[in-house]
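The block underneath contains the structure these notes are about, expressed in structure tokens.
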Amino acid sequence: MTGGAFVGGGDADGQPYRYETDSTAAALHDAFDGIDDGSETGTVVSIAGRLMLRRVQGKLAFATLADSTGRVQLFAPQKTTPQFDDFTGRSIGDWIGVRGEVMKTRRGELSVRVDEWTSLARTRRPFPDKWKGITDPDTRYRQRYVDLWVTPDARDTFVLRSRLLSLTRRWLEERDFLEVETPVFHPIPGGALARPFSTHHNALDQELFLRIAPELYLKRLTVAGFERVFEIARVFRNEGLSTRHNPEFTMLEAYQAYADWDDIMVLVEELIAHLAVELTGSTTVTYDGRDVDLATPWRRATLPELVAERTGVQVSLEDGLDRLRDVAAELGVPVDDAHGAGKILLEIYEKTTEPHLWGPIFVTEYPKEVSPLARDHRSTPGMTERFEAIIAGRELCNGFTELTDAVEQRARFDEQATQKAAGDDEAMVVDEDYLRALDYGLPPTGGIGIGIDRLVMLLADVTTIRDVILFPTLRPEQTGAPSGGSVDNDQGEDVD
RNA sequence: GCCCCUGUAGCCAAGCCUGGUCACGGCAGCGGACUUUUAAUCCGAAGAUCGUGGGUUCGAAUCCCACCAGGGGCACCA
């Protein structure tokens, strides 16, 4: 991939610094698709974009211009097109600006006649096959700037993602939620059970962790009196990659004072149903060839109920550790000696039942042992008021009535510390400042974390997370350049 | 980390199982023809360390080994 990739000569000379447009491909189609074949409009417009196709036939040329809204044909007769030979010699992929009358060809294709045109930028690399595009996933992800031109679905997915974020913000703001930004650098990784990335701050000579969740900072803000807050947070987890996992991903977290898990479940189902209608036109969406009906209300069922439904075995924390071990063995679920009753119950659910759920469904009541930030269930001992939503067979969110009691929270952290000492490197660390915040009083609060990437996957009907992340995490590309040197940290000239 | 699959020009892609004349083609790019095309069409010339390194063989894109990169699955998580 060296010299051979370059074609043509660069002609940065004469490239303008700006170009005035007054229309777009989509706007032209909206306004003029109804005109008669072979007619002219008398309307002159300026548009700009990339040349994607070209059909030259001697003294008449057609081209397809693509901009961010779509495509429109250019009509260029030799008689009226300035520098006609130069125009027909443009490469596919070149950026041009065109000014001319809107008209429709005899064959009924809406077009802009090229009365004036300006080269805006040339491509020095050939564009992919105009029909097949790029099929190699590696190339698509590494060269997304090309992929987005030649893979229409890719562009649509990212437009949907943008609209989803915008709609989500608006929907929450209409309900008096305040969008906030909390630190990405955490001195103590917290708010979830996951391995963090770590980095080092030179001036402070301190290890910092990239956040695995914004949860503890958002709840600090509830202590601070922001009664409804949310953050659309990029979070980072130092774990494996898969079709459902990227090391950096986006999570929506929202916290509502005076609310409990029931309120939050309603919030989640209403938000997601709303997004489905706005983005797909219906509460029924098709995912991976199968329908899922997101109309509210969604089913709610407790975790032990669902296990019983699936396996026919009644399970409960009250059965005790030995009985649960036996059940796990019966069902062929491997468990660790270090696992407590709660962890075993969760393992049984995850191995036997969760894979068969399609949803949408709220799975409620998770064991305390595996839910260190959730509040004790108001009536079921050993369980918490925690729920997850399963939609289209995928875990989409995790929410609960928040644990507000500082003494109880310290006990939960201590339990986590014990697990960490026992070798669980995803266990939490005691966060003294968070405990101090709780000491000041956290009101009853309900909270939720929603995996935005997975929500986009659901509504865009794509099955790999890399198709909803513009630049997914990949190994560094082999450039062919000899390794060593060149990327050492510059010896930091101070310029401030 | 384990298992399976893939890697042929800028892009798409045949050949690989059943080793054997200058590695089949298409798009883009280059030269030429063409005044209503729609992946325009037609003619011409050109473009390839067959992922990398070893091995087997008279002979390797093809068979074997290792490595690199990517995809899918398992495991962990959202």
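In what follows, chains carry the letters A, B, and so on, assigned in the order in which the sequence lines appear, proteins first and then strands, with residues in each chain numbered from 1.
Side-chain nitrogen and oxygen atoms of A:S242 include none within less than 4.0 Å of the OP1 or OP2 phosphate oxygen of B:G73.
Comparing B:A75, B:U36, B:U35 by their closest approach to the side chain of A:F75 singles out B:U36. Between B:A40, B:G73, B:G70, one nucleotide has an atom nearer to the side chain of A:D136 than all others, and that is B:G70. Considering only the side chain of A:K79, B:U35 comes nearest among B:G72, B:A75, B:U35. Side-chain proximity of A:R142 to B:C76, B:A69, B:G29: nearest is B:A69.
B:C65 and B:U56 have their P atoms separated by 15 Å, with the value rounded to a whole Å. A distance of about 16 Å separates the P atoms of B:G31 and B:A46, rounded to the whole Å. Taking the P atom of each, B:G47 and B:C24 are spaced 12 Å apart, rounded to whole Å.
Pairing partner, B:C24: none, since no Watson-Crick or wobble contact has both distances short of 3.5 Å. Nucleotide B:U41 is matched to B:A33 when pairs are restricted to Watson-Crick or G-U wobble geometry with both distances under 3.5 angstrom. Here B:A69 sits opposite B:U6 as a Watson-Crick or G-U wobble pair (both hydrogen-bonding atom distances under 3.5 Å). Using N1 to N3 plus N6-O4 or O6-N4 for Watson-Crick, or N1-O2 and O6-N3 for G-U wobble, each under 3.5 Å, B:C74 pairs with B:G1.
Other residues, nucleotides and ligands contribute only 12 or fewer heavy atoms inside 6.0 Å of the CZ atom of A:R310.
At a threshold of 4.0 angstrom between heavy atoms, the contacts of A:G93 with the nucleic acid are absent. A:S111 comes within 4.0 angstrom of no nucleic acid atom, judged by non-hydrogen atoms across all strands. Residue contacts for A:E395: at a heavy-atom cut-off of 4.0 Å it reaches the sugar-phosphate backbone alone, with no base atom in range. Among the heavy atoms of the strands lying under 4.0 Å from A:V56 is at least one base atom, whether or not backbone atoms are also near. In this structure, A:N246 reaches the bases: a heavy-atom distance under 4.0 Å links it to at least one base atom across the strands shown. Across all strands, A:T464 comes closer than 4.0 Å only to sugar-phosphate atoms, never to a base (heavy-atom distances).
Put simply, the residue from A:Y217, A:F209, A:F236 that forms a ring-ring contact (aromatic ring centres under 6.0 Å, His included) with A:H186 is A:Y217.
Atom C1' of nucleotide B:U41 and atom CZ of A:F62 are separated by 13 Å, given to the nearest angstrom. One can place CG of A:L51 at 14 Å from C1' of B:U38, the figure rounded to the nearest angstrom. Going from atom CG of A:L346 over to atom P of B:C76 covers 10 Å, rounded to whole Å. Atom CZ of A:R140 is separated from atom C1' of B:A69 by 18 Å (rounded to the nearest Å). Separating the CZ atom of A:R125 from the C1' atom of B:A9 is a distance of 14 Å, rounded to the nearest angstrom. The CD atom of A:E109 sits 13 Å away from the C1' atom of B:A40 (whole-angstrom rounding). Per the geometry, OH belonging to A:Y141 stands 15 Å off C1' belonging to B:A69, to the nearest Å. In this structure, CD of A:E239 is placed 17 Å from P of B:C74, rounded to the nearest angstrom.
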All N/O donor-acceptor pairs, side-chain side in residues 52-61 of chain A, below 3.5 Å, sequence neighbours left out:
{"unit_1": "A:R54", "atom_1": "NH1", "unit_2": "A:T88", "atom_2": "O", "d": "3.1"}
{"unit_1": "A:R54", "atom_1": "NH1", "unit_2": "A:R90", "atom_2": "O", "d": "2.2"}
{"unit_1": "A:R55", "atom_1": "NH2", "unit_2": "A:Q73", "atom_2": "OE1", "d": "2.7"}

Side-chain donor-acceptor distances from residues 342-350 of chain A under 3.5 Å, at least two apart:
{"unit_1": "A:E347", "atom_1": "OE1", "unit_2": "A:K351", "atom_2": "NZ", "d": "3.2"}

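Two residues, A:L474 and A:R195, neighbour RNA chain B, and the one matched to the more 5' nucleotide by heavy-atom proximity is A:L474. Both A:T135 and A:K59 lie close to RNA chain B; mapped to their nearest nucleotides by heavy-atom distance, the more 5′-ward contact belongs to A:T135.
Taking the ring pair (Phe, Tyr, Trp, His ring centres under 6.0 Å) definition, one finds that A:F62 meets it with A:F75, sequence neighbours left out. In terms of the side-chain hydrogen bond (donor to acceptor under 3.5 Å, both in side chains) criterion, residue partners of A:Y141 (sequence neighbours excluded) are, by chain and number, A:D467.
A salt bridge does not link A:K219 to A:E253: none of the charged nitrogens lies less than 4.0 Å from a carboxylate oxygen.
Within 3.5 Å, a donor on the side chain of A:D129 pairs with an acceptor on the base of B:G26, or the reverse.
In this structure, A:P196 and A:N238 have side chains that are not in contact, with every pair of non-hydrogen atoms separated by 4.5 Å or more.
In the region residues 94-106 of chain A, proximity to RNA chain B at under 4.0 angstrom, judged on heavy atoms, holds for A:T105, A:R106.
A:W117 and A:F87 have perpendicular rings, their planes meeting at more than 60° on a 0 to 90° scale where under 30° would count as parallel.
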Restricting both atoms to N or O, compile the protein contacts to nucleotides 44-46 of chain B shorter than 3.5 Å, with distance only.
none

